[in-house]
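As the structure is a computational prediction, the values presented were derived from the model and not from experiment.
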Amino acid sequence: MSENLEESPAPPGPAAGDDVTGRLEGASKARVFSVLAVIVLFSEVVPLQYSMVSTAVQKVGMDFPSAGDNISWMIIILGLVGGATTPILGKLADLVGKKLVLFGCSIAFLAGSLLCALTESWAMFLVGRGLQAVAFAMAAIAAGLIRDLMPRKYVPLSIGVIATGFGVSALVSPFLTGWLTDHWSWRSIFWFLTIYILVLIPVFWIVVPETKLKVSQKLDWLGSVLVGAGAALALVYISNGQQWGWGRFSAYIYLIGGIALLIAFYLWELRAPEPIMDPKLLRTPRVSIVLAVGLFANMIIGVQAYAIAYMAQIDKEFVDGNVIAGFAEKSGFPAEMLSQVLVFDGDLSYALGFTLMALALHITAWQAIPGMFTGPAAGEWGKRTGLRQPYLASMVIMTLTMVMYALWHGSWVQLLLISILFGIAFGMYYGAANNLIVEAVPQEQQGIGASMLGLTQSFGSAVGTAILTAIVSAHPYQVITPDAPGNPSQTIDIPQVYTDEGWTLVFWAMAAAGLVCVVLVYVMRAGRTPATGGTLH
């Protein structure tokens with residue numbers, strides 16, 4: 001088959017599979033858009049919890065001091081568990097029904113939110129976050145449900161809407177997170193998430209119909225286990241490499257094991273009677289390039305969400321004062337005297353000392369607003385001229401913002417202007433990427449196709465956060481004690497506080513990841529013709 005034939009979607013015409021999916025053709029606009037609204041609000045729990053919790057990492061870390069530099073695991077574990085479970089849940093959605101699997105994901109999310117709100121144990125907190133991560137499959141499965149139910153002319157726009165939501169996660173969550181943490185504590189975030197999903201579960205069950213499309217196939221359990229376990233082992237190595245030592249053999253075992261399982265997954269899928277996803281489809285450029293871009297783009301997205309919120313909440317006076325108070329308590333010397341002899345080493349010129357509410361008012365809310373519009377706009381743009389154009393534009397802008405963050409991050413005005421540009425790129429990326437998968441895979445494999453994108457995106461977010469942790473951990477903010485008879489000077493790392501140099505290197509690393517994305521999108525052949533809403537059967 002020629003390159004052009006392989007990359008071109010089936011020509012628009014009578015939608016041969018529409019009658020078996022339960023598509024709402026002929027339904028009133030009120031019915032169509034009420035179903036869309038409920039699906040979007042239901043699946044928005046995924047970006048909602050990410051945006052709320054990622055901005056509160058520094059607050060959570062204060063209550064779990066034993067976590068130390070491993071505090072980033074509260075974000076990394078989302079990629080670890082989400083990556084391991086998303087392919088299985090995506091395939092189950094194709095087999096038993098997308099609505100049913102979405103409901104199951106919501107129950108796991110509910111249990112995880114309750115656990116995080118109640119526990120005093122760092123280990124159990126991570127278990128709760130792992131349960132929440134099961135919901136990562138919801139975004140991919142919801143995109144498949146929209147493809148099955150929405151009238152085809154609304155599919156590109158609807159996929160763009162689900163990519164950025166109605167503003168609950170983008171616009172409301174920064175203010176809500178700030179208000180909750182200012183008046184109560186970070187635990188109130190998880191109580192809110194519990195209430196949110198509890199309210200929506202019955203609404204979703206009543207309003208949204210189940211797709212009629214259910215593939216007559218057995219679940220490839222071996223393939224599911226291989227891909228999930230392989231991704232998990234590789235992520236364990238990437239996430240702990242800095243702490244364990246990248247070159248230690250005991251650490252390499254995880255990486256080698258993960259790669260071996262992923263290779264075994266691919267080889268098994270070539271011969272499996274009913275593969276979890278057609279390997280030929282998986283390696284076609286119209287799918288493989290989108291997955292590769294998803295990996296690198298979400299490295300950037302995960303790092304941006306983590307880094308900007310973390311940096312802006314650091315308060316140098318508060319940090320220094322706490323350190324001095326700690327030395328005073330242990331030594332018995334007055335804090336006023338110790339402040340004269342302790343020397344702090346490291347540049348914290350980026351530290352704004354923002355509360356979460358101040359962060360929302362000055363930066364994150366304004367970043368969110370453009371993304372609410374550029375996600376749907378990317379779908380409409382793609383319907384007119386092809387999805388490659390907004391896809392390429394998003395990656396060029398996103399890469400540019402990483403360069404700008406590396407050069408300028410010393411004031412809230414700089415962060416605000418750069419973050420608005422990032423918000424534009426964020427919305428366009430998700431609107432284009434999800435639609436590209438809809439165009440690339442047959443409807444019978446929509447759940448697993450979108451889930452493979454979700455897998456690479458979750459993997460990318462975790463990898464990006466692990467890279468961030470490795471870089472900033474090598475650049476700690478330090479305190480130097482004075483020389484004293486019998487007690488020589490010591491240089492002590494201050495936990496969970498990092499220098500400007502570390503953050504700058506993180507942004508340069510993400511700019512390099514963005515450049516890879518730009519090159520991949522530039523050469524891709526898919527997305528050069530108007531989007532059809534998924535007519536490939």
Side-chain angles (χ1 to χ4, degrees), residues 43 45-54 57 60 64 67 70-93 101-117 119 121-142 189-190 193-194 197 221 223-241 254-255 257-258 261-262 265 276 294-295 298-299 301-302 305-306 447-448 450-466 469:
S43 63
V45 73
V46 180
L48 177 64
Q49 66 89 22
Y50 192 88
S51 62
M52 294 184 76
V53 178
S54 64
V57 169
V60 176
F64 293 108
N70 287 327
I71 192 67
S72 61
W73 258 86
M74 63 181 287
I75 303 299
I76 292 171
I77 199 168
L78 296 180
L80 183 65
V81 177
T85 57
T86 292
I88 300 173
L89 294 171
K91 190 61 178 182
L92 276 174
V101 176
L102 281 172
F103 177 78
C105 291
S106 70
I107 298 301
F109 182 85
L110 174 62
S113 298
L114 274 171
L115 183 56
C116 288
T119 187
S121 162
W122 173 242
M124 293 307 296
F125 180 82
L126 290 181
V127 171
R129 291 292 281 159
L131 286 170
Q132 285 188 314
V134 172
F136 262 49
M138 290 175 71
I141 297 169
I189 295 173
F190 294 97
L193 293 171
T194 299
I197 198 67
W221 283 106
S224 301
V225 171
L226 287 173
V227 68
L233 287 176
L235 275 171
V236 167
Y237 170 78
I238 293 169
S239 303
N240 289 281
Y254 289 91
L255 178 63
L261 288 178
L262 291 173
F265 161 73
I276 190 171
L295 173 69
N298 275 265
M299 287 170 56
I301 291 167
Y306 186 110
I448 184 59
S451 294
M452 293 304 288
L453 176 61
L455 168 62
T456 56
Q457 289 176 337
S458 296
F459 199 93
S461 179
V463 170
T465 308
T469 302

Could you tell me which residues satisfy ring-ring contact (aromatic ring centres under 6.0 Å, His included) with Phe125, sequence neighbours excluded, listed by chain and number?
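Partners of Phe125 by the ring-ring contact (aromatic ring centres under 6.0 Å, His included) criterion, ordered by chain and then number, come out as Phe64, Trp122, Trp186, Phe190.
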Might you point out which heavy atoms bring [X] and [Y] nearest each other, and give the distance in Å?
{"X": "Leu131", "Y": "Gly112", "answer": "CB-CA, 3.6 Å"}
{"X": "Leu89", "Y": "Cys105", "answer": "CD1-SG, 3.8 Å"}
{"X": "Ala139", "Y": "Val46", "answer": "N-CG2, 4.4 Å"}
{"X": "Gly130", "Y": "Val81", "answer": "O-CG1, 3.3 Å"}
{"X": "Gly257", "Y": "Leu233", "answer": "C-CD1, 3.9 Å"}

Indicate yes or no: at least one non-hydrogen side-chain atom of Leu226 is less than 4.5 angstrom from one of Leu262.
no
Residue pair Thr194 / Leu110, side-chain heavy-atom distance below 4.5 Å:
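Yes, at least one pair of side-chain atoms sits under 4.5 Å.
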[atom1]-[atom2] distance between [X] and [Y], expressed to the nearest 0.5 angstrom:
{"X": "Leu295", "Y": "Leu453", "atom1": "CG", "atom2": "CG", "answer": "10.5 Å"}
{"X": "Ile197", "Y": "Leu48", "atom1": "CD1", "atom2": "CG", "answer": "9.5 Å"}
{"X": "Leu126", "Y": "Cys116", "atom1": "CG", "atom2": "SG", "answer": "8.5 Å"}

Thr119 side chain to Leu115 main-chain N or O, any donor-acceptor pair under 3.5 Å?
no
For residues 102-116, which residue pairs pass the side-chain hydrogen bond (donor to acceptor under 3.5 Å, both in side chains) check, not counting sequence neighbours?
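Listed once each, the pairs are Ser113-Gln132.
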